[in-house]
Amino acid sequence: MATRDPHDIDEESVSRRLNALRAAVLGANDGIVSVAGLVIGVAAATPDNHGAILAAGVAGLTAGALSMGVGEYVSVSSQSDAEKSQLRREHRWHQVRPDWELAQLVELNMETGMSRETATIAAQEQTAHDPVSIHARMHLGIDPDEITNPWHAAWASLLAFTSGGLLPLLTVLLVPTSAQVPATYVAVIAALAVTGYVAARWAHSPRRRSVIRNIVGGSLAMAITYAIGSIIGVAVH
């Protein structure tokens, strides 16, 4: 009996992790960058007004977290509804035209390199086991066991955004006024480096590229919002 190489990557496991990773990293990065840009912009415009910075930061954190949660719920719900509709249609087709579905599965198997004889035998065995699931995977690209729960995705995005956004908000409020912007910048860069590294590690992708991409994007966002805040502050005063 062949043993499995512990270094082999389980494609289904990677797929599940990437789905969870997408919502978590997207939410955390959005929280970090969005709230950091907001509080830095307000700090640049009104550096001595902790009340304005706090109000803007809390409002941005709350609105962003809710927006991420609702947006993820709507997006995943639409995808889930579409996938379930296709599965119901596939189930109906297997009831009204089983021979046609079997012939289609033979063709799909042949596209993987099987001979017609082998593809026919495989299709018959697959159909006898679970015809809807095999067609969903091979024809529609849907895994019936991996349909994402929209509530799980929504809560993951909401909590990830909140966790990410709290870092720049607390940093800009807890440090002295003269150090607000540089301290927030350093904290955000460190956080983005961590999220970029973790994302690349989980996804088995290049880590340096992921970290640099996160840092460059976050730095640009903070620089632009700081410049805009400074211009507004000068204009107001």
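Residues take their numbers from the sequence shown, with the count starting at 1.
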Which distance, rounded to the nearest 0.5 Å, do you find between the [atom1] of [X] and the [atom2] of [Y]?
{"X": "Ile121", "Y": "Asn109", "atom1": "CD1", "atom2": "CG", "value": "11.0 Å"}
{"X": "Met222", "Y": "Leu38", "atom1": "CE", "atom2": "CG", "value": "13.0 Å"}
{"X": "Thr162", "Y": "Leu167", "atom1": "OG1", "atom2": "CG", "value": "13.0 Å"}
{"X": "Leu174", "Y": "Leu169", "atom1": "CG", "atom2": "CG", "value": "8.5 Å"}
{"X": "Ile228", "Y": "Ile40", "atom1": "CD1", "atom2": "CD1", "value": "12.5 Å"}

Would you indicate whether the side-chain heavy atoms of [Y] and [X] approach each other to under 4.5 Å?
{"X": "Phe161", "Y": "Ser67", "value": "no"}
{"X": "Ser85", "Y": "Arg88", "value": "yes"}
{"X": "Val194", "Y": "Asn214", "value": "no"}
{"X": "Gln79", "Y": "Lys84", "value": "no"}

* To do: Check for a donor-acceptor pair, side chain of Ser157 on one end and backbone N or O of Ala154 on the other, with a separation under 3.5 Å.
  =>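 No, because the side chain of Ser157 does not come within donor-acceptor range (under 3.5 Å) of the backbone of Ala154.
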
* **CH2/Trp151: more than 12 non-hydrogen atoms of other groups inside 6.0 Å** =>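 Count not over threshold, so no.
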
* Asked: What do you reckon, is CZ of Arg209 surrounded by more than 12 foreign heavy atoms closer than 6.0 Å?
  ->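 12 or below, so no.
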
* Asked: Are Thr118 and Ser115 close enough that a side-chain donor and a side-chain acceptor fall under 3.5 Å?
  ->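 Judged by distance alone, the side chains do pair up.
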
* Asked: So among Leu173, Val58, Ile53, which one has a side chain to side chain contact (heavy atoms under 4.5 Å, CB included) with Val39?
  ->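 Running side chain to side chain contact (heavy atoms under 4.5 Å, CB included) over Leu173, Val58, Ile53 with Val39 returns exactly one hit, Ile53.
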
* To do: Please assess Glu107 against Arg116 for the test side-chain contact (heavy atoms from CB on, under 4.5 Å), listing each intermediate value before the final yes or no.
  => CA-CA 8 Å; Glu107 296 297 326; Arg116 177 169 293 277; 2.9 Å; yes

* To do: List the steps and the verdict of side-chain contact (heavy atoms from CB on, under 4.5 Å) for Asn29 and Leu192.
  => CA-CA 7 Å; Asn29 281 350; Leu192 291 176; 3.7 Å; yes

Indicate every side-chain donor-acceptor pair of residues 180-190 with a distance under 3.5 Å to a residue at least two apart or in another chain.
| unit_1 | atom_1 | unit_2 | atom_2 | d |
| --- | --- | --- | --- | --- |
| Gln180 | NE2 | His50 | NE2 | 3.4 |
| Gln180 | NE2 | Val172 | O | 3.2 |
| Thr184 | OG1 | Gln180 | O | 2.7 |
| Tyr185 | OH | Ser219 | OG | 3.2 |

